[in-house]
Structure formats: structure tokens, C-alpha cells
A.B. asks: 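Below you'll find the structure I mean.
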Number of protein chains: 2
Amino acid sequence: MITIGKLAGLTSVSNDTLRYYEAEGLVSPAGKSPAGYRLYDRDSARRIHFIKHAQQCGFTLAEIRDLLDVRGRDKACCGDVRTRAIEKKLQIESKIRAMKAMSKALDQLISECANEKRPVKECTIIAALERANGSKRMQ
Amino acid sequence: MITIGKLAGLTSVSNDTLRYYEAEGLVSPAGKSPAGYRLYDRDSARRIHFIKHAQQCGFTLAEIRDLLDVRGRDKACCGDVRTRAIEKKLQIESKIRAMKAMSKALDQLISECANEKRPVKECTIIAALERANGSKRMQ
DNA sequence: ATTGACCCTGGAGTATACTCCTGGGTTCAA
DNA sequence: TTGAACCCAGGAGTATACTCCAGGGTCAAT
């Protein structure tokens, strides 16, 4: 059983973040000392690592709470987890598409700008952004 | 000169958003009626369209305020705008790379999961996320 | 006994881009 | 003249994931 500071050091998150995770129902200490200090066990550390890695995979804390819940359920099967992973991957790919569209729109704007010295009044980038009905490249 | 509601209708943003933009220094009405109603001109509509399109290109409101500022400066040249567009494109591409890494990590997790019916205790996805030191695919 | 490092609760603050609400004044048509 | 539709200011609320603070208690070593 370790105190909050030790767990924080072990997992590279702050004490505040651990308390925040507890408030959010993600990780609870295994017990409390007589003085009211939080005491964590090994599973707590596993849960923190789980949270951090899931975040790196793009899951929000709410989704991670759900995953942790599945992880703790006896009747749950691998497919329950897999479904969530696939769903998240689709979300991420959709965001990537949106960002690629932005990147492409910017490319167009940048390449259309022939003369950097031109006064801003004649700037093609500004003009393109002002146009009432966005051209095809901006949706 | 049109009232806020008309401009809102013209540009497909809400009255509240227009007032918010004003508070943020993005668009100010050209004047006010005796009763204190905001009165907008044609340039206001152009500015709103500008804001919306720049948002679609991934610029934040703070960056857009800066772009609008450049747009209004006589001494500014096209290069000032172009530089910002290039910078934004780099930011977006960096985000795309991060999201592709997430997508790839999820792919690995999903493909490693051989048996969907397996109980969650043996779930390879859960296990991978718990591992203390993330594997190569998760950085 | 005291010092410093640690822990506690509860609440506020951060960033972004709005949205909604309260309580009131204005404009216009019937 | 009255009612609907519009406008105003000021402030609070939304989501996300923390971070920081005040004011206090606890623990180990000296």
C-alpha cells in the first residue's frame, strides 16, 4: 500500500490529477490510513497506466471510465472492448479527413499567393477567405 | 445598415455569436441606432464570412483576430498573411501525424484481438493498455 | 519540540467558442 | 393600443482535463 505521492511518482501524474481521477470515478484508493491518507495498491498503478495509454489512443476520460468498467465486469468479453476500439478508430479517421481538408485548403491559399510583397489589399488569401460562398476547396 | 438579426440570418450565425465576436474584438457594428441597436454594414458581413472560412481552415478566433488585424493594416503585405497560413499548415500536419499514430496503435490493438468471445480477463487490448511501459507502437 | 515534507478538503481558475437566461426596452403592424 | 417580434446588457453555464490555492492536519527525523 502506497500513499498518493508515491503513486504519483510511479506513474508520472500529479497528486492533483490522482484526486481528480478519483472524483471522476476512474481510480479509487484501496483504502485510507487512520489519518485519512489515501492508500493505493498495485491495481491502482495498472489503472493509471491504462488511463494514460488509452488517452494516447485518443479515448476521452469518459470513454476510459467506460472501458475500465468493462474491464471490471465478469460477463464482459473481448468483443465489448474491441467494438469500442473500432468505433474510436473511425472517429479518429474522420478527424484526420477533416484536418487533411484543412491542410489542402491552406495549400491552395498558399500556392495562389504569387507575390509576397504585394500589399495586403490585394492579398489572394484574404480575398479567398472573404468570399461569401466558399469555393470547392473549402468545405 | 442592418440590425444584428439580419446580419445573423445573412451569415448563418446567431445574434449571441455576433455579440460574442464583438466582445472578442473580431467584428464591431458600424454604428448604433438611437435606441442602442447595433447597425452593421457590408464589411461586417465580409468579416463574418472571413471568420467562418478561417475557422474551417483551422485558425482559432485569437489567430483570426490577428489575421483581421493584418487585413486592416495598410503597411501589411501578402507575405504576412502567407507566413501565418504556412505556420498553421505545419500545426495541422503535426496534429495529423499524432492522430495517425493513434489510429495505428488502435489498429494493432484491434488486430491482436483474435477471439471476440474471450472473457475480458484475457483481453489482449486491455492487457496492452495496462502494460507499464508502452510498447513501441504507443508513443 | 520543532522543522520540513507530506497529506487533507473544498473551491476557484485555465482555455476555447460559444449558448442560454433574466429582466427589461423598442418597433411595427393590425 | 396591444401583441409579436425584435433588441439590449450582464452574467452564468457547457465540455474537457486538469492545475492551483488556502488553510489546515500528519509524519519522521533531529
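Naming: A, B, ... by sequence-line order, numbering from 1 per chain.
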A.B. asks: Taking the minimum atom-to-atom distance to the side chain of A:I4, which one of C:dC8, C:dC18, D:dC27 wins?
C.D. replies: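 From the listed options, C:dC8 comes nearest.
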A.B. asks: Whole-Å distance between D:dA15 P and A:E63 CD?
C.D. replies: 15 Å
A.B. asks: Closer than 4.0 Å, any side-chain N/O of A:T60 to the OP1 or OP2 of D:dT16?
C.D. replies: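 Answer is no, no contact under 4.0 Å.
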A.B. asks: Can you check whether A:K32 has a side-chain N or O nearer than 4.0 Å to OP1 or OP2 of C:dT9?
C.D. replies: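 It does, given that an N or O in the side chain of A:K32 lies less than 4.0 Å from OP1 or OP2 of C:dT9.
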A.B. asks: What's the closest nucleotide to the B:K52 side chain, out of D:dC21, D:dC8, C:dC18?
C.D. replies: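 From the listed options, C:dC18 comes nearest.
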A.B. asks: How long is the line joining CD of A:E24 and P of D:dT19, in whole Å?
C.D. replies: 13 Å
A.B. asks: From the options A:L90, A:I92, A:I86, select the one residue that forms a side-chain contact (heavy atoms from CB on, under 4.5 Å) with B:L106.
C.D. replies: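 The residue from A:L90, A:I92, A:I86 that satisfies side-chain contact (heavy atoms from CB on, under 4.5 Å) with B:L106 turns out to be A:I92.
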A.B. asks: Which nucleotide wins on minimum distance to the side chain of A:Y37, given the candidates C:dC8, C:dA17, D:dC8?
C.D. replies: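 From the listed options, C:dC8 comes nearest.
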A.B. asks: Please determine whether a side-chain nitrogen or oxygen atom of B:T17 lies at a distance below 4.0 Å from atom OP1 or OP2 of C:dT19.
C.D. replies: yes
A.B. asks: In this structure, how many angstroms lie between the P atom of D:dC18 and the CG atom of A:L18, rounded?
C.D. replies: 11 Å
A.B. asks: Figure out the CG/P separation between B:D16 and C:dT16, and round it to whole Å.
C.D. replies: 20 Å
A.B. asks: Atom NZ of B:K6 and atom C1' of C:dC28: how far apart are they, to the nearest Å?
C.D. replies: 11 Å
A.B. asks: Look at the side-chain N and O atoms of A:Y21 and state whether any lies under 4.0 Å from the OP1 or OP2 oxygen of D:dC18.
C.D. replies: yes
A.B. asks: How large an angle, rounded to 10°, do the end axes of the helix from C:dA1-D:dT30 to C:dA30-D:dT1 enclose when each is built from five base pairs?
C.D. replies: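 Between the first-five-pair axis and the last-five-pair axis there is 30°.
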A.B. asks: Using heavy atoms to find the nearest nucleotide of DNA chain C for B:S33 and B:L61 separately, return the residue whose nucleotide is more 5′.
C.D. replies: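 This one resolves to B:L61.
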A.B. asks: Measure CG/B:N15 against P/C:dC20 and give the value in whole Å, please.
C.D. replies: 12 Å
A.B. asks: Measure from CD on B:E22 to P on D:dC7 and round the result to the nearest Å.
C.D. replies: 14 Å
A.B. asks: Given C:dC8, D:dC7, C:dA17, identify the nucleotide with an atom nearest to the side chain of A:R38.
C.D. replies: C:dC8
A.B. asks: Separation of A:M1 atom CE from D:dC27 atom C1', in whole Å?
C.D. replies: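 Atom-to-atom, A:M1 to D:dC27, this comes out as 18 Å.
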A.B. asks: Hey, is the side chain of A:S14 poking within less than 4.0 Å of OP1 or OP2 on D:dC18, counting only N and O atoms?
C.D. replies: no
A.B. asks: Please check the phosphate of D:dC8 (OP1 and OP2 only) for any side-chain N or O of B:R19 closer than 4.0 Å.
C.D. replies: yes
